[in-house]
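Heads up: the structure comes next, in C-alpha cells.
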Amino acid sequence: MTPVEARVTAIAASIKQADGVTADGLIAMLGTASYTMIVLVLSVLNMLPGPPGYGGTIAIIIISTTIARLRGVPLRLNGWVGQRTLPAGVLSKMVKQLQWLAGLVGKVSRPRLEFLVGPRTEAMTGWFILLVSAPMIVPIPFINAVPNVGIAVICVSRINRDGVGVIVGVLIALLGLAIAVAAIWGAIALGQTVMGR
C-alpha cells in the first residue's frame with residue numbers, strides 16, 4: 001500500500017464514523033499540518049456535482065488553506081465557510097472517488113525525481129494551486145473538473161514523492177486552467193453581446 005492509499009483509508013474510516021461534517025471539521029479531521037492531504041481531498045470534492053454555490057465554496061476553501069499555508073499560519077476556516085456542512089451524499093462519493101484515484105495512481109506512482117517534491121518546492125506548488133483555483137470561484141458549470149484532476153494528481157504525487165507525477169499533474173491543471181479561462185471569457189463576451197442588443 002502506497003503512502004497516499006494508507007492516508008485515504010484512514011480518512012474514509014473517519015468520515016464514515018462522523019455525524020455531519022463541516023468544512024472546518026473536515027480540515028481538522030485530515031490534520032491541520034497535512035496541507036497536501038487537505039488540498040487533495042478538497043480537489044476531489046470539487047470534481048463532484050453539488051448544490052448551487054458548492055463548487056465556488058470549495059474553491060474558496062482551497063484558496064484559504066493555501067494562503068494560510070504560504071503565510072505559515074494555522075489552517076483554520078473562520079465564518080460561514082468553515083461552518084458550512086458538507087452534503088453527506090457528496091462526501092460519500094468523494095471517499096469512493098478518492099479511493100479510486102489513490103489506487104489508480106498508486107499502481108504507476110513511485111519515488112522518482114524527488115527534488116520536485118521536496119520542502120523547497122512546497123511554496124511554488126502553493127502559488128500554482130492558487131493560480132489554478134482562482135477561476136473556479138466563478139459560477140460557470142463544468143469548469144472545475146479538469147483543473148481539480150490536475151491538482152489531485154499533484155497532491156497524490158507529492159505524497160508518494162513522485163516528481164514525474166507532479167509534472168503530469170501540472171500539465172493537466174494548466175489544460176484545465178485554459179479551459180476555465182476560455183469559458184469565463186466566452187461568458188463575458190456573450191453577456192456583452194446580450195447587453196449590447
Side-chain angles (χ1 to χ4, degrees), residues 3-4 7-8 11 23-24 26-48 50 53-78 81-82 84 86 94 97-98 101-102 104-105 109 113-140 142-184:
V4 73
R7 295 193 192 183
V8 167
I11 291 166
D24 204 30
L26 179 62
I27 288 178
M29 186 184 298
L30 296 173
T32 55
S34 182
Y35 164 74
T36 304
M37 197 71 227
I38 289 170
V39 174
L40 170 59
V41 170
L42 293 172
S43 64
V44 172
L45 269 175
N46 215 4
M47 294 179 202
L48 304 172
Y54 165 81
T57 299
I58 300 297
I60 290 171
I61 296 171
I62 292 175
I63 291 170
S64 298
T65 53
T66 300
I67 291 173
R69 184 66 172 186
L70 289 171
R71 292 179 59 202
V73 299
L75 302 181
R76 283 192 59 84
L77 298 170
N78 298 316
V81 174
R84 179 159 180 170
L86 301 172
M94 180 274 293
Q97 188 83 356
L98 194 58
L101 177 65
L104 177 65
V105 177
S109 179
L113 297 183
E114 293 188 48
F115 68 92
L116 292 176
V117 295
R120 294 182 179 180
T121 64
E122 189 171 291
M124 186 184 303
T125 301
W127 283 109
F128 180 76
I129 288 173
L130 279 181
L131 172 68
V132 174
S133 299
M136 298 183 206
I137 299 175
V138 181
I140 296 178
F142 312 118
I143 67 171
N144 289 356
V146 178
N148 279 291
V149 169
I151 292 173
V153 171
I154 291 170
C155 291
V156 168
S157 300
R158 286 190 66 86
I159 293 170
N160 284 343
R161 305 200 61 76
D162 182 2
V164 173
V166 168
I167 294 173
V168 172
V170 166
L171 293 176
I172 295 171
L174 286 174
L175 173 62
L177 178 62
I179 293 171
V181 170
I184 293 169

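What you see is a predicted model, and the numbers here were worked out from it, not measured in a lab.
- Counting all heavy atoms, side chain and backbone alike, G126 lies closest to Y35 at CA-OH, 4.0 Å.
- Note: C155 SG to N160 CG = 11.5 Å, rounded to the nearest 0.5 Å.
- Atom OG1 of T65 and atom CD1 of I129 lie 8.5 Å apart (nearest 0.5 Å).
- Summarising the geometry, atom OG belonging to S157 is positioned 11.0 Å from atom CG belonging to L113; distances are rounded to the nearest 0.5 Å.
- Between the CG atom in L174 and the CD1 atom in I179 there is a gap of 11.0 Å [rounded to 0.5 Å].
- With values rounded to the nearest 0.5 angstrom, M37 atom CE is found 10.0 Å from L42 atom CG.
- Checked against side chain to side chain contact (heavy atoms under 4.5 Å, CB included), N148 has the following partners two or more places apart in sequence or in another chain: S43, N46, M47, I62, M136, N144, I151.
- For the residue pair I159 and L40, the shortest heavy atom distance occurs at CD1-CD2, 4.2 Å.
- When all heavy atoms of A180 and P135 are compared, the pair lying nearest together is CB-CB, 4.0 Å.
- By the side chain to side chain contact (heavy atoms under 4.5 Å, CB included) test, L70 pairs with T66, A123, W127, L130, sequence neighbours left out.
- Annotation for A183 and I143: closest pair CB-CG2, 3.6 Å, computed over non-hydrogen atoms.
- In this structure T125 satisfies the side chain to side chain donor-acceptor pair (under 3.5 Å) test together with R158, sequence neighbours excluded.
- Here the straight-line distance linking atom CD of E114 with atom OG1 of T121 works out to 11.0 Å at 0.5 Å rounding.
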